[in-house]
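First the proteins, then the strands, lettered A, B, ... as listed; each starts at 1. Side-chain atoms are counted along with the backbone in the values below, which use heavy atoms only and exclude waters and symmetry mates.
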Amino acid sequence: MKKNNIIGTSLLLGFITAILAVSIFFVNSITSPIIAYSEATQLKFYYQEIFPNSEYEVIYNSDKDKEKSPNILSVATASNNGEIVGYLYLTYTTGYSSDVVSLIGINKADAKVVKVIVTKQTETPGLGSLSTQPKFLDQFLDKLTNEELKVKDNITAITGATITSDAVVNSVNVSLDDFNNNYLN
Amino acid sequence: MKISDIFKNGIYKKNSIFIMLLGLCPTLAVTISLFNGIGMGISVLAILTMSNILISLLRKIIPAAIRIPAYIGIIAALVTIIEMLIHAYIPSLYVSLGIYLPLIVVNCIILERAESFASKNNVLHSAFDGMAVGLGFSFALILISFFRELLGTGTVLGFQVLPASTNMLVMILPPGAFLTLGILLGVINHYLNKKKEELENE
């Protein structure tokens, strides 16, 4: 291949990739606000399910803040008439075949778990996916935050999905720990 | 070349999965539910058609020496765009396809069609070829995921059809993918061989 030929083809390849990059930038500028908006509304919907009719404020976000455990994605407060009633922990742990993201609501006054919701998972259908069902999640209700939760001890695992069960239990434990250290009065 | 031949080749004569055995990795991995199978099939269909059109349009501009990086670049850009669109408009599909959506970039069917068809044929034929091969791929995914979902969880698209007692969990686990694909390949090849023998005997 001749020298100017090499330069020519390199420039052409650079030109093609530049056009591709610009088109990706263009699509991204359209879709990224939609993605952010739908994720925010989805989370707000889950907040409502745990602490209905409250005002929510995100006080910790792992995108900016790093001091908490890396499993904690965000922490939000729920308040009624300006008074904080509870904390909402969005956490993730690695399950069997995916990251299991769960939202844990803790009541401030009596330091008890209000509700646990698994918001995102792609575990094995029929096994790990049962972690989203009330049968498993209702076991966490009213657990005290100073209780160490453990599969087999005080939580019954999902049959055939011990790893997923462990993942959710770990998420809850991380949240309870952080609550005890920072927000318990 | 006749358009009907392009469709015949893409959909069954040279079906990318059942005959050519190309692109098996996503086939085995995502077919745990019919919803996934349809979603993956349509995504590949869209990307394949668009990449065939673009590569066919650019076939006289792109010199032979840089054709592979240029094709991969075009395919990667298309996949990224489709991924962002699915994330924005069908988040549930985005979550369930997971890593296999960006991995369409390295799906060998798409590069194979670019290299062996789109770079040598006009835009119209290339577009039809992309659609035909994509349809063949979707058809195979739908067939595999239908059987796996039905036998594994007793549902079709999430609706319970078989009682829970008949569920064979292995069908939605990785071994079930190999079993289903193997049995389907066996049945299809048996049928094709029979047809061939009949033709030879005449």
Side-chain angles (χ1 to χ4, degrees), chain A residues 1-2 4-43 45 92 94-101 118-130 132 158-161, chain B residues 29-30 32-36 50 54-55 58 61-100 145 148-149 151-155 158 164 167-174 176:
Chain A
M1 202 188 277
K2 273 189 243 155
N4 57 353
N5 212 346
I6 293 177
I7 295 168
T9 45
S10 317
L11 283 176
L12 183 63
L13 189 58
F15 183 66
I16 292 171
T17 43
I19 291 177
L20 295 173
V22 169
S23 51
I24 290 176
F25 166 78
F26 180 70
V27 176
N28 186 42
S29 62
I30 299 172
T31 55
S32 69
I34 300 173
I35 294 168
Y37 177 77
S38 70
E39 279 182 356
T41 42
Q42 184 67 39
L43 198 58
F45 173 78
Y92 86 93
T94 308
Y96 179 71
S97 58
S98 66
D99 280 345
V100 181
V101 182
V118 174
T119 61
K120 215 190 256 178
Q121 53 85 24
T122 44
E123 301 285 280
T124 320
L127 289 177
S129 70
L130 296 179
T132 58
I158 305 158
T159 315
Chain B
V30 302
I32 32 180
S33 68
L34 190 53
F35 177 71
N36 276 7
M50 287 190 279
L54 272 180
I55 286 162
L58 298 171
I61 304 169
I62 299 172
I66 57 159
R67 68 181 195 286
I68 299 291
Y71 295 167
I72 292 283
I74 291 168
I75 295 166
L78 282 171
V79 170
T80 313
I81 288 170
I82 294 275
E83 188 194 347
M84 292 189 293
L85 290 174
I86 290 182
H87 194 173
Y89 298 106
I90 326 173
S92 58
L93 184 63
Y94 178 81
V95 171
S96 60
L97 289 183
I99 183 72
Y100 297 100
S145 56
R148 285 185 70 192
E149 189 185 336
L151 298 173
T153 51
T155 56
N167 290 357
M168 287 184 280
L169 206 56
V170 69
M171 296 308 282
I172 44 172
L173 297 175

Residue among B:I81, B:I62, B:L173, B:L78 with most heavy-atom pairs under 4.5 Å to chain A: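 Looking at each of B:I81, B:I62, B:L173, B:L78 in turn, B:I81 comes out on top.
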Just so I know, are the side chains of B:M84 and A:I24 near enough to count as touching, which here means a heavy-atom distance under 4.5 Å?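 Yes; the side chains approach each other to less than 4.5 Å.
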Tell me, side chain or backbone of [X] under 4.5 Å from chain A's heavy atoms, or both, or neither?
| X | value |
| --- | --- |
| B:Y94 | neither |
| B:L58 | neither |
| B:L169 | side chain |

Which answer fits [X], side chain, backbone, both or neither, if we ask what part of it has an atom under 4.5 Å from a heavy atom of chain B?
| X | value |
| --- | --- |
| A:I19 | neither |
| A:T31 | both |
| A:Q42 | neither |

Flag if over 12 foreign heavy atoms under 6.0 Å of OH, A:Y96: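 It does not: A:Y96 OH has 12 such atoms or fewer within range.
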Can you tell me how far apart [atom1] ([X]) and [atom2] ([Y]) are? Round to the nearest 0.5 Å.
| X | Y | atom1 | atom2 | result |
| --- | --- | --- | --- | --- |
| A:T9 | B:R67 | OG1 | CZ | 13.5 Å |
| B:I66 | A:L13 | CD1 | CG | 4.5 Å |
| A:S129 | B:I32 | OG | CD1 | 9.0 Å |

Which heavy atom of [X] sits nearest a heavy atom of [Y], and at what distance?
| X | Y | answer |
| --- | --- | --- |
| A:I16 | B:A70 | CD1-CB, 4.4 Å |
| B:V95 | A:Q121 | CG1-O, 4.4 Å |
| A:L12 | B:I61 | CD2-O, 3.4 Å |
| A:L20 | B:I74 | CD1-N, 3.6 Å |

In terms of heavy-atom pairs under 4.5 Å with chain B, which of A:V27, A:I35, A:I34, A:T17 leads?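 It is A:I35.
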